[in-house]
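Both backbone and side-chain heavy atoms feed into the values below; hydrogens, waters and symmetry mates do not.
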Amino acid sequence: MSEFQDARSIPPNTFLTTDICLIGAGAAGITIARDLAGSRHDIYVVESGDLDLDEKTQDLASGESIAHPYVSLASTRLRYFGGSTNH
């Protein structure tokens with residue numbers, strides 16, 4: 001059974017139980033979830049974003065790399081369903 005649920009709609013202090021929890025609904029998370037679909041395992045995919053890009057959620061990707069030169073994290077990481085495959 002596939003279901004999308006916004007975690008903000010879950011009452012505070014609710015305890016969720018699952019066999020497998022995948023963090024991130026990017027290419028890897030979605031691929032693994034699809035491979036496990038229909039198995040005997042209960043699977044949750046947790047994504048910080050929504051189904052569409054949201055500026056407030058995308059701001060969570062802001063930061064700076066100080067060890068090595070790198071482009072803006074906010075421009076290379078997309079925090080919503082599909083992740084950076086949405087580029």
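Nearest heavy-atom pair, Val45 versus Gly24, reported as atom, atom and distance to 0.1 Å: CG1-O, 3.9 Å. Nearest heavy-atom pair across His87 and Arg77 is NE2-N, 4.4 Å.
In this structure the side chain of Leu16 never reaches within 4.5 angstrom of the side chain of Thr18, judged on heavy atoms. Counting heavy atoms from C-beta on, the side chains of Phe81 and Asn86 never come closer than 4.5 Å.
Note: Leu36 CG to Ile43 CD1 = 4.0 Å, rounded to the nearest 0.5 Å. The CD atom of Gln58 sits 5.5 Å away from atom CG of Leu53, with the distance rounded to the nearest 0.5 Å. Once rounded to the nearest 0.5 Å, the distance linking CG of Asp52 with OH of Tyr80 reads 7.5 Å.
For Asp6 and Arg8, the salt-bridge test passes: some basic side-chain N is under 4.0 Å from an acidic carboxylate O.
Remark: side-chain polar atoms of Ser84 are paired, donor with acceptor, to backbone N or O of Thr76 under 3.5 angstrom. Using a distance-only test at 3.5 Å, with no hydrogens or angles considered, no donor-acceptor pair links the side chain of Glu64 to the main chain of Leu73.
Partners of Arg40 according to the salt bridge (charged side-chain N to carboxylate O under 4.0 Å, His left out) rule, which considers only residues two or more places apart in sequence or in another chain, do not exist here.
Ile30 and Val46 fall into different hydrophobic clusters, where Ile, Leu, Val, Met, Phe, Trp and Tyr are joined by side-chain heavy atoms under 4.5 Å apart, directly or via other members. Criterion: ILVMFWY side-chain heavy atoms under 4.5 Å apart, direct or through other members. Under it, Tyr44 and Ile20 are not part of a common hydrophobic cluster.
Checking Thr57 against Arg79 by side-chain atom types alone, no donor-acceptor pair falls below 3.5 Å.
Around the CD1 atom of Ile66, the shell of radius 6.0 Å holds no more than 12 heavy atoms that belong to other residues, nucleotides or ligands.
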